[in-house]
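I have placed the structure first, in the form of structure tokens, so that the comments after it can refer back to it.
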Amino acid sequence: MSTAILEIPGDTGAPTPTRKRPSLLAWAGYGVVVLVLGIFALGSPYFLQWENLSSVLNQAAVFGIAGIGLAVVIITGGDDVLEGGIDLSVGATAGLAGSVTAVAAAAGAGSLRAVLTGLAVAAALGALNGAAVILGLRPLLATLATMGIATSLDLVVSDNIKVALDGGVFLWLRQGSIAGLPASVLVLAVAALVSWWAVARTSWGVHSYAVGQNSIAASIAGLSVARHRFMSYVISGVLGGIAGVLLASRLSAAVPGIGGQILLDIILVAYMSTVFSRRLVVNIPGTVVAAIFVAGLANGLTLLGVASQWVGAAKGVLILLVLAVVVVRGRNTAK
Amino acid sequence: MEILQTHSARSSNALHRAMLKGAAIAAAMTLLVTGCSLKEPVAASAPISTGGGTAVAGAPSAAADPLAGVPSLAGKTVGIAAKDIVHDFSRVVYEELQTKIKGLGGTVIATQAEAKDDKHVSNVENLLTQKPDAIIVILGDAQTLSPALKKINEAGVALFTVDFQSEYSANNVTSDNWNIGSTVARTLAEDIGGKGKILVFNGFPGVTPCRIRYSELKVVLEDYPGIEILDPELQDKYEGTIEDAKKQIQDQLRRLPAGEVDAIWSCWDIPLIGAAQAIDPTLGNDIKLYGVDAEPGALDLIADPESSYTGTVAQQTKGMAAASVANVALFLGDRADEVPTTSYLDPVFVNKTNVNQVRHDLGI
């Protein structure tokens with residue numbers, strides 16, 4: 001079925017094209033990140049201390065995991081912001097999953113059942129998104145509507161008050177560690193490795209990129225565009241749910257309405273992942289690096305003593321700087 | 001010698017930080033033309049002259065300048081973690097704390113969390129990694145912040161809070177929210193003659209001051225059985241509050257029969273500014289609005305005899321900041337025994353008859 005797009009050029013007898021070594025410019029995104037983080041390290045003796053790095057990784061975990069889910073949606077739906085794959089409900093889904101988990105735990109469901117209940121609700125929202133998109137609704141509008149539903153349900157489930165989430169696995173997620181790595185970072189690492197393997201090392205991942213980059217060609221080649229897109233939203237929902245449970249554990253409570261507060265950073269890290277790709281496409285490792293970079297920016301600027309009201313502006317400038325690298329690289333590639 | 005070396009190293013680090021900070025800010029200013037959400041910077045406060053402002057026994061007196069005679073903060077670093085600077089109370093406390101700390105020779109690292117709980121926690125964690133001598137937290141939620149505050153405690157860094165009670169805090173400076181809540185509720189009940197129906201904004205039942213003020217409202221209304229809180233209670237939002245509240249009240253006025261609502265209550269002023277914008281242009285509505293915080297916009301409306309905005313409560317924001325800094329200085333200056341667990345500053349009740357006088361007295 002899929003051999004049409006995976007056909008090996010060598011079979012035709014034509015000379016096999018040699019793969020070009022990536023130019024140094026391909027690593028420019030990483031270079032700018034290392035430069036910025038290096039400035040922070042020089043500016044503050046605390047930046048490179050393990051305690052601080054651990055804190056940055058901890059702060060990046062929620063955005064990283066939810067960002068991976070969004071990255072899968074963009075990969076499968078295409079990176080056109082208006083017409084392509086987007087999941088605006090991922091933040092609200094995270095918030096709702098956290099609230100459902102906290103309410104279930106408070107009702108005596110036990111940690112595992114509480115988490116599974118939260119994730120089931122998140123998966124259901126993902127399925128709703130997927131169904132709406134394959135029915136022909138624009139992802140931007142469909143997921144905007146779902147965001148409203150999830151936000152409202154969050155207020156209903158939590159009764160608009162913070163619901164405590166402590167003890168057991170939630171306490172471990174907040175302050176546990178293995179070999180010095182915080183628990184939330186381990187969850188991020190597992191989510192990233194599994195997602196990276198699925199996207200970069202399986203036929204499903206190759207097909208997902210194919211569907212996202214040219215759905216008509218992928219359909220002609222026999223791929224089920226609808227199935228891939230539906231699954232991408234379910235994955236986004238589940239990963240959003242995991243992020244929500246992590247966030248609620250970190251805050252030791254589910255906070256109603258928190259989904260809207262984290263959405264922009266999730267979108268930012270998913271799209272920013274293109275900077276860390278040789279082909280300038282949304283990807284999983286890049287999403288994780290972007291999440292760590294964004295968390296490191298706020299931390300580093302605070303350590304440098306930049307006034308709080310300027311942190312957002314300075315962070316924006318540095319992100320623009322990194323993104324500018326993509327433009328320069330894109331122009332060079334086009335020449 | 002060791003002190004000199006440490007000082008030299010600190011100076012060097014400070015120079016590096018200053019250069020990098022300058023570069024970052026210059027870049028930001030050059031490349032971004034941004035509309036900062038901050039209002040005009042607050043000037044150093046003058047001593048507060050009010051009939052209200054005194055602290056409890058052991059706490060510095062606001063009227064007598066709490067900073068008089070306290071130890072210097074030279075060589076000390078104090079971190080500030082504000083929940084937000086969205087409304088006037090937290091913005092003024094945030095700015096004033098910095099002014100007072102610098103005035104005593106201390107170094108400030110200031111952060112604000114844009115009203116986001118996760119950012120508030122991150123800011124506290126980021127401050128702690130810099131090992132300051134003390135951290136002052138302005139507002140917050142005990143449930144979400146306690147784990148981070150416990151870390152501060154375990155690291156041996158002194159913690160102080162403003163309007164936020166925590167078991168880990170060496171001192172909390174606050175207004176007496178029970179007093180505020182019951183007085184606003186009694187005033188409302190008496191103003192509408194002990195009977196009628198009221199709308200209530202209750203979007204933040206988990207925020208301590210709001211929880212206390214709301215519970216006091218309920219307690220007071222037990223003695224006014226003729227007053228009914230209309231269902232459903234309204235949900236005020238933290239962002240886009242005024243516009244959202246305006247729409248909600250416009251909808252309620254359409255939904256409910258004319259003359260059904262006698263008053264509207266909120267634990268803070270911002271939603272009521274929107275409510276006044278919805279009510280004031282209409283004719284025939286005798287609805288009275290009661291809030292807390294003495295936001296400038298609310299005070300303007302109260303001063304307007306035609307406005308439905310009837311009363312609010314002014315907190316001594318500058319006095320609270322000064323009291324907190326005084327407590328930090330005493331604590332770090334080996335005079336911890338002079339620092340009370342809680343420093344209460346009296347609130348000042350504002351209505352249409354005293355609004356101009358209070359504004360003059362408190363400089364708000």
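Chain letters run A, B, ... following the sequence lines, proteins first and then strands; every chain starts at 1.
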Contacting region of A/L155 [heavy-atom separation from chain B under 4.5 Å]
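Neither part; nothing is under 4.5 Å.
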
Where does A/Q261 contact chain B at under 4.5 Å (heavy atoms): side chain, backbone, both or neither?
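For A/Q261, heavy atoms of backbone and side chain both lie under 4.5 Å from chain B.
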
Please determine if B/K131 and A/E51 form a salt bridge, counting it only when a charged side-chain N lies under 4.0 Å from a carboxylate O.
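So B/K131 pairs with A/E51 through a salt bridge.
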
Determine the option with the most heavy-atom pairs under 4.5 angstrom with chain A, choosing from [options].
{"options": "B/N202, B/N126, B/N123, B/I80", "answer": "B/N126"}
{"options": "B/E114, B/H120, B/R211, B/Q235", "answer": "B/Q235"}
{"options": "B/V108, B/D117, B/T111", "answer": "B/D117"}
{"options": "B/D118, B/I109, B/L127, B/V121", "answer": "B/D118"}

Measure distances from B/A82 to the heavy atoms of chain A and classify the residue's part below 4.5 Å as side chain, backbone, both or neither.
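B/A82 has no heavy atom closer than 4.5 Å to chain A.
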
Flag the pair B/T129 / A/Q49 as yes when at least one side-chain heavy-atom distance between them is below 4.5 Å, and no otherwise.
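Side chain of B/T129 against side chain of A/Q49, heavy atoms only: no contact under 4.5 Å found.
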
Is the backbone N or O of B/Q143 less than 3.5 Å from a side-chain atom of A/S252, with the two atoms forming a donor-acceptor pair by type?
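Between the backbone of B/Q143 and the side chain of A/S252 there is a qualifying donor-acceptor contact (under 3.5 Å).
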
Atom pair NZ (B/K119) and CG (A/D265), whose distance is rounded to the nearest 0.5 Å:
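The CG atom of A/D265 is 8.5 Å from NZ of B/K119, to the nearest 0.5 Å.
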
I'd like to know if the side chain of B/E125 pairs up with that of A/N299 as donor and acceptor (distance under 3.5 Å, no hydrogens or angles considered).
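There is no such pair (donor and acceptor under 3.5 Å, judged by atom type) between the side chains of B/E125 and A/N299.
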
